[in-house]
Amino acid sequence: MLGTAGGPTPKAGRSAPAQAVVVGDRIYLVDCGDGVARQLALAQLPIRELRAIFITHQHSDHNAGYGPLWLLGWTAGLSTVDAYGPPPLERMTRLLFEAYAFDIETRIADEGRAPLAPLVRPHEITEGGEIFKDDRVKVTAAVNRHPPIAHSFAYRFDTADRSIVISGDTNYSEAVIALAKGADVLVHEALYRPYFERPDAPQAPSVRQHIVASHTDVEDIGRVAAAAGVKQLVLSHFVPSDPPDAVSDEQWLAGVKKHYSGRVVLGRDLMEVA
Ligand SMILES: [Zn+2]
Ligand SMILES: [Zn+2]
């Protein structure tokens, strides 16, 4: 768990959304929240072992670290990386290269570095199904429910010994339940709806409406985990997660446990889920 906050506002207590799925010595990254390159360093996951990136959707809390990840990882021995995600991933990649051209060209000329552009290979996805396979892992995508974004995905990783599903940002989703059937681990985003429904909630009504319509309340997360029959549930992308004590651990857990009796873990930055 590289970053467990939800929403674009920088937070003191949690980093922006990102998860590393580590299979042997290979790293597969889900989402690129701001600071993901440093979170990898803090987790002691060498960037040269990064094989592929999977972006769930193009909200800034999930992609602001995408360009910096490979720009900064370049000098740390980045090898060829395939990046999967919804449009406009290809255009974003091209324009980021344009924005970073000065540094890239300087380092190629001055430090003799190999060109960066061939190392980053974007692939846009617009529907669910199997999207990636190598000798370590098969990745399957499902369209979740994150209005108004049509191309928003959950991802399932099947390896020789584990299956891990990451919900992405979503409201209660039958597609996520189907994707997560029997998985060892479900990492699910988390909304504590009562926090936004209290009379003195500071958010503008339009923001509050977006939050409630596009995220999953804790009670529904329990229903999702139970219906999918997952062995372990990990909460992440906490909304709210600022201030850190806005919702207590007991409150997060109580809602989930109404419907799910399996193991529940409250995600923290740099936590390793076994
Ligand atoms: Zn988000
Ligand atoms: Zn989002």
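All ligand and atom numbering here is 1-based and tracks the order in the structure.
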Inset, instruction - Would you mind naming the N, O or S atom of Asp169 nearest to the Zn ion (ligand 1)? - result: OD2

Legend entry - Tyr155 ring center within less than 6.0 Å of Tyr84 ring center: no

Inset, instruction - Report yes or no: does Asp61 have an N/O/S atom closer than 2.8 Å to the Zn ion (ligand 2)? - result: no

Legend entry - Name of whichever N/O/S atom of His62 is nearest to the Zn ion (ligand 1): NE2

Legend entry - Distance-only polar pair, side chains of Ser15 and Asp269, donor-acceptor under 3.5 Å: no

Inset, instruction - Could you tell me the separation between the CD atom of Glu98 and the OG1 atom of Thr93, rounded to the nearest 0.5 Å? - result: 12.5 Å

Legend entry - Aromatic ring proximity His210/His59, centre distance under 6.0 Å: yes

Legend entry - His57 near the Zn ion (ligand 2) via N/O/S, less than 2.8 Å: yes

Legend entry - Where the Zn ion (ligand 2) is the vertex, angle from His59 ND1 to His146 NE2 to 10°: 90°

Inset, instruction - Enter the distance from Ser236:OG to Asp31:CG here, rounded to the nearest 0.5 Å. - result: 9.5 Å

